[in-house]
Structures are given as structure tokens and as C-alpha cells.
Number of protein chains: 2
Amino acid sequence: MDSLTEENYIKSIYALSLATGEVFVSELAKKLNIKQPSVNSMMKRLATKKVVAYAPYKGIRLTEKGKKEALSIIRRHRLAELFLVKVMELGWEEVHDIAEQLEHVDSKRFYSRMDEMLNFPKFDPHGEPIPDSNGKIYTQKRTALSDLVEGLTATIAAVGEDEKSFLDHLNAKGLQIGDTVTLKKRELFDGSVTLQHKSKKEILLTHQVAERIWVE
Amino acid sequence: MDSLTEENYIKSIYALSLATGEVFVSELAKKLNIKQPSVNSMMKRLATKKVVAYAPYKGIRLTEKGKKEALSIIRRHRLAELFLVKVMELGWEEVHDIAEQLEHVDSKRFYSRMDEMLNFPKFDPHGEPIPDSNGKIYTQKRTALSDLVEGLTATIAAVGEDEKSFLDHLNAKGLQIGDTVTLKKRELFDGSVTLQHKSKKEILLTHQVAERIWVE
DNA sequence: TTAAAAAGTTAGACTATTCTAACAAATTAA
DNA sequence: TTAATTTGTTAGAATAGTCTAACTTTTTAA
Ligand SMILES: [Mn+2]
Ligand SMILES: [Mn+2]
Ligand SMILES: [Mn+2]
Ligand SMILES: [Mn+2]
């Protein structure tokens, strides 16, 4: 079994390698807020455990075993987040930090009961897909709200971040998963967008925020 | 803040010192399944943190601060166990191991929501009192089923152990918290007892089992 | 194609936990 | 009240994680 620390490394490697399949020591170090030499020695350890493929000066990539483990951790994290929102009625902005801890709980029963109580859900409270128990995960290219064509209407499907500060911001703007928005105007100068919201209100979002909202 | 390891020491010290107020290095070592020198060095550390009062060759005792921390951990453990049984519908025999992990989750919200959902419960699934958020805990002398006078009828209030193997045994015997039993006969030879159960069945328990069941 | 700059490694050190071996104090038994 | 036996402590070592300092390789820019 992996330690909590190892699980966190694996999860981060998975997230960072989604785009290109590989990650660099420097990226991992920044993401985990630790120094490069620490990452370097952990990679040697994970390589010994056959979780990553790693050769000096080359990028890091998860092995099939490593991917399986990553998806299992992500499954637990997202299932926990949804449970906290649906069953325990916490806000979508306060569940990530708790799920960071619950994802390391070692108990098949705990998670299978969550899964049952939530009726085998497919998405977490932030719209992210929940891998199934075999590690299969729903994926499809998504459109960022910042790239939506002017004049078009779309539905908010997911948010690309679940940090409290970002979600507090969306709460303040009155935006939620499932909301329908129409892109009224995109400023050429700074990429900020003005939305027409179902609430009839016009909402202004900076590019930084709009690019973290996925629509379909 | 205390580490998970420190929390486990504190909880064990509390449990072992209930009777006399103090614990010995050897007892703690046995309970935690670690060697005496490890306990010794941890006691030095906890003494520095003012969690225990400790002098070489003298017993260990929790300070007021240590007791508060112990009760807070026990509260989280028991709240979690009850939540797992009442909300997640797990069996009383399978919740202890999960609660051992959940008790270390650092989140006021998580526990206050459990408390609310359970309507501020006073007892856990094993009949043990749940300390309130100020650390107050209900206590009263209890009678062991093994000490019940022959012929008397009583109600099972709690079980003194929540290990799966013990609870599986009670499940097999058909005994639960709240059940009314009459002590039909106590064998002088081995202290085993025969009960008349509400289910009309007669149940035979060894002394070892009967002394771990509290009645009132 | 050199010279910076960036990225990655090694070496050595430190904290948290725990262990074994060896020694000391306290308790128990003869 | 000696001699065992039990309990507790010290010393020294090991593993998991991390860090800083000092290189080494790669990459980027000039
Ligand atoms: Mn999350
Ligand atoms: Mn999420
Ligand atoms: Mn328990
Ligand atoms: Mn219990």
C-alpha cells in the first residue's frame, strides 16, 4: 500500500500529465510546494514501486499501475465531495479540503456505501467525472467559457478548479453548475466576458475566471 | 496541532487511565503494539507539549489540556461511528475501524454537520457516551452482565468493546443494545451465564463475553 | 556555437517514529 | 534482605519525508 504522501504525489502526477502524458520534476515540486530534490528522491522510490517510469533527466510518467492508483484516489476524492454536498449538505466551496483527507481513508465499504447512497453518480459537485470502480473515466474535449463564440448560449458543465477562493467568487457572481448563460460580449483588450444569466442579471467575468469554466 | 500518531497515544492514555488516573509505559506499549523505548521517547515529547505530566519511573497522566484533547478525539470517533451506522447504514461491527481513521479528519464543519444530522446524539452505536463539544462526558457506574443477580431482568446499555470479532459474536448470539434479558443461571464453575432473551431463545454466554456487556 | 539560465542530481543534515541492545531502577519472591 | 523478575531508560540505528548547498545536464538565447 501507498502512504498518504505517496498517494498525493501520484494524484499530482496524474493531474499534471493529463495534457502531454509526462511531468517534470520542477512542475511537481511547484504543485506540491516542496523542493526539487525531495521530488527527485520520491520519484526514485515510486520507480522502485513500479508506479512511475523514471530515468534521470527524463520526464516522469505513470505506469499502468500508477494510473490505476491515481484514478482510484480521484474516485474516492470526488465521491467524497459529492457525498459531502448531497448527503451532508455542505457547500460546493467547502468540500474539497475535507475530501483531500477523506480520499485517504482505507475502507472499501465506506466508499461503496457512498456510491450506493448517491446512486452511482457520474459527476462530482464541480462537474468533474467520477472514475468508476474499474478506473474508467468519462472524458471529452471541453469548451472554456472564455472561448465561447459571442452571442451563443451554453450550459455550465464544470469548473476547472475547486479551491474555496475560486468557488466563493462564483457564488458571489451567482453562477452554478447547470446554469445557462449567453455570451453577450468579449472584450478584446483583456478577454473579460459579459454574460446574460438566467437570473436576468448581466455578469462580468475576467478572462482568468472564464477560462476555468467549462460549458457545453 | 497533534500528529495522527500523537492523537493515538493521547486516546490510549485516556482509556488506560480511566480507572486509576495513571498509566505505565509497559501498558501503553502493549496497547499500542510498540516497544517501551518508543513510548518513553513519545512521553518526553508529549510532556514538552504539556499534554502529559511525566517524570522518569513515575506513571504517566494526562494534563487538563491532554484530557480535553482526548475527549475531543473520542467525540469525533463516536460521532463518526454513529454517523456510519445511522446515516450510512453500516453494521455496528464494521464502523470502528473506519472511525479510527475518520477521527483524525481535521474539519469542524464535517463534525458539526454530523452532530446536527444525528440530532446531537448522546451515545454511540455501542452504547458509549459521546462527549459534548465542551468535552463534557456522561459517566455512571455500570453493571456488567456477568455480575447481574440471578433471576433479575435488565437492559443491555452498552458493550465494552467495539472490535469486529466481539461484535460479530454478539450478532451471532442475536444480542443488541436495548435488548432486555433475564439472567436465568450463572455457572459457578466457569462464570458462564444463561439468558432468557426477548426472542424467547435462551442464550449462553461465557464469562469473558458477559463481563464486556453493560446492563442497567 | 558559446554562455547564461533553467532543470535535475547528489550529498549531507534534520525531524518524526520506531526498533534493538544494553543498562538501571523498582518490585516481587524466596 | 538478597536475588530474580519486571519495568523503565539510554544509546544507537533505521525509514520516511524534506531541506539547503553544491554541483551537473539540458535548454535557451545571444
Ligand atoms: Mn476537489
Ligand atoms: Mn471536485
Ligand atoms: Mn470504536
Ligand atoms: Mn464505539
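Residue numbers start from 1 in every chain, and the chains themselves are labelled A, B, ... in the order their sequence lines are given, proteins ahead of strands.
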*Could you tell me the separation between the CD1 atom of A:Ile60 and the C1' atom of C:dA7, rounded to a whole number of Å?*
11 Å

*Hey, does the side chain of A:Gln101 reach the backbone of B:Asp106 with a donor-acceptor pair shorter than 3.5 angstrom?*
yes

*asked:* I want to confirm an ordering. Mapping B:Ala55 and A:Ser41 to their closest nucleotides on DNA chain D, which one lands closer to the 5' end?
replied: B:Ala55

*Short question: side chain of A:Lys173, backbone of A:Leu204 - any donor-acceptor pair under 3.5 Å?*
yes

*Got a sec? Which of residues 21-38 of chain B come in under 4.0 Å of DNA chain D, heavy atoms?*
B:Phe24, B:Val25, B:Ser26, B:Gln36, B:Pro37

*Would B:Asp124 and B:His77 count as having a side-chain donor-acceptor pair, cut-off 3.5 Å?*
no

*Do A:Asp190 and A:Thr206 come within less than 4.5 Å of each other through their side chains, counting heavy atoms only?*
no

*Given atom OH of A:Tyr57 and atom C1' of C:dA6, what is their separation to the nearest angstrom?*
12 Å

*Has the side chain of B:Arg75 got a donor or acceptor atom that lies under 3.5 Å from a matching backbone atom of B:Gly135?*
no

*Report which part of the nucleic acid B:Lys58 touches: base, sugar-phosphate, or nothing (heavy-atom distance under 4.0 Å, all strands).*
nothing

_Lys/Arg-Asp/Glu bridge criterion (N-O < 4.0 Å) met for B:Glu69, B:Lys50_ = no

_A:Lys136 bridged to A:Asp132 by N-O distance under 4.0 Å_ = no

_Interface residues of residues 3-14 of chain A with DNA chain C (non-hydrogen, below 4.0 angstrom)_ = none

*Do NZ/NE/NH1/NH2 and the carboxylate oxygens of B:Glu116 and B:Arg113 come within less than 4.0 Å?*
yes

